[in-house]
Amino acid sequence: MATAFNFDLTATDGAARTGVIATSRGAIRTPAFMPVGTAGTVKAMLPESVAATGADILLGNTYHLMLRPGAERVARLGGLHCFMHWERPILTDSGGFQVMSLAGLRKLTEQGVTFKSHIDGSRHELTPERSMEIQRLLGSDIVMCFDECPALPTSDEEVARAMRLSMRWAERSRVAFGDRPGHALFGIMQGGVNRALREESAEALKAIGFDGYAVGGLAVGEGQEAMFGVLDYAPGFLPADRPRYLMGVGKPDDIVGAVARGIDMMDCVLPTRSGRTGQVFTRRGALNIKNARHQDDPRPIDEACTCPACRNYSRAYLHHVFRSQEIIASMLLTWHNLHYYQEIMSGMRAAIAEGRFAAWQADFHALRAEGDIEPL
Ligand SMILES: [Zn+2]
């Protein structure tokens, strides 16, 4: 019998929360940061290494996996966990976000979206029903509703139209998902930066009923101030006893600000993508390892970091292998970034549990203010 999906909220401190999500693949400590494993791999990392950074859960992308290698093939090969050798929980997105960003290559109707593959130009259709089927074939533990997320800024009329379509699709997603013990379906709140639309969306989702709720449609060009503006009220529209997931966020200070406003889960390509482009995040800000000033520097990226890149290598070495386009540069810099992100999460979890989150936040910002932050 599969472990029932469950969220146990263990402590709150202001709006910030900490808890544990139970799934049939194991527990997820919240607040949780989910590294992105787009095509069945967290780029430049072994799954064991991702686990060693402290990640409890990964995100996989429906859009990429349905096109290559195909959801039916993954299912025949034992499901995504087995295929990619990651036995812990996996959350999959619905494919909606990627499909909607294929401007000019897709057609949107009430039924769903037809689009051309960016790989070979072949035609495909994604609907709420097909998205649920693909995520089931992949074996996802946390399944996301199929939705439409408009890029910001756009008109309130356009945001309202997309949100109401997404709510009709959320209902179809709920029906298609069915009853799957140990697995969860999350609804996605839309509504852009419009408070009334956010509230309308939350009410529609709660009427359908989901295992968890995502705040979608942010980190799509509105900027941090507008995003925090929405997060000042939007999490409060959602049930307190269910996980709240902020999609596609973000930089370290975005993550801390989101947790301070009541968010429990996040994902972003930033730590992995930045690792491959030579940008590293530290307690004192960001460093660009390709800059010439690192070429004679014997210090690690961060003296206090216990990741393999910082324990065993100098900034000079990392600068050298990055400039030489050696594969180990992507491996080490990605590892460091994921390690740092998980350190932020564990620091926040402990601080919230002990009722000292405001002090933790003040330290986080103070250290960055005195750091050697380089332009991105
Ligand atoms: Zn490190």
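For ligands, and for the atoms within them, numbers begin at 1 and follow the listed sequence.
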For Phe210 against Arg174, the heavy-atom pair lying closest together: CA-NH1, 3.9 Å

As an exercise, state the distance from CE of Met163 to CD of Glu200, rounded to the nearest 0.5 Å. 3.5 Å

Any ring pair (Phe, Tyr, Trp, His ring centres under 6.0 Å) involving residues 55-82? Give me the pairs, sequence neighbours left out, ordered by first then second residue.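 Listed by first then second residue: Tyr63-Phe115, Tyr63-His118, His64-His118.
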
If a pair satisfies ring pair (Phe, Tyr, Trp, His ring centres under 6.0 Å) and one of its residues is in residues 220-250, list it, with sequence neighbours excluded. Tyr233-Phe237

Among all residues two or more places apart in sequence or in another chain, which pass the side-chain hydrogen bond (donor to acceptor under 3.5 Å, both in side chains) test with Gln98?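 Gln98 satisfies side-chain hydrogen bond (donor to acceptor under 3.5 Å, both in side chains) with no residue once adjacent residues are dropped.
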
State which residue, out of Thr53, Val280, Leu318, fulfils the side-chain contact (heavy atoms from CB on, under 4.5 Å) condition with His336.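 When Thr53, Val280, Leu318 are each tested with His336, the side-chain contact (heavy atoms from CB on, under 4.5 Å) holds only for Val280.
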
For a distance under 2.8 Å, give residue and atom name for each protein N, O or S atom next to the Zn ion (ligand 1).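 Listed by chain and number, the atoms are Cys305 SG, Cys307 SG, Cys310 SG, His336 ND1.
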
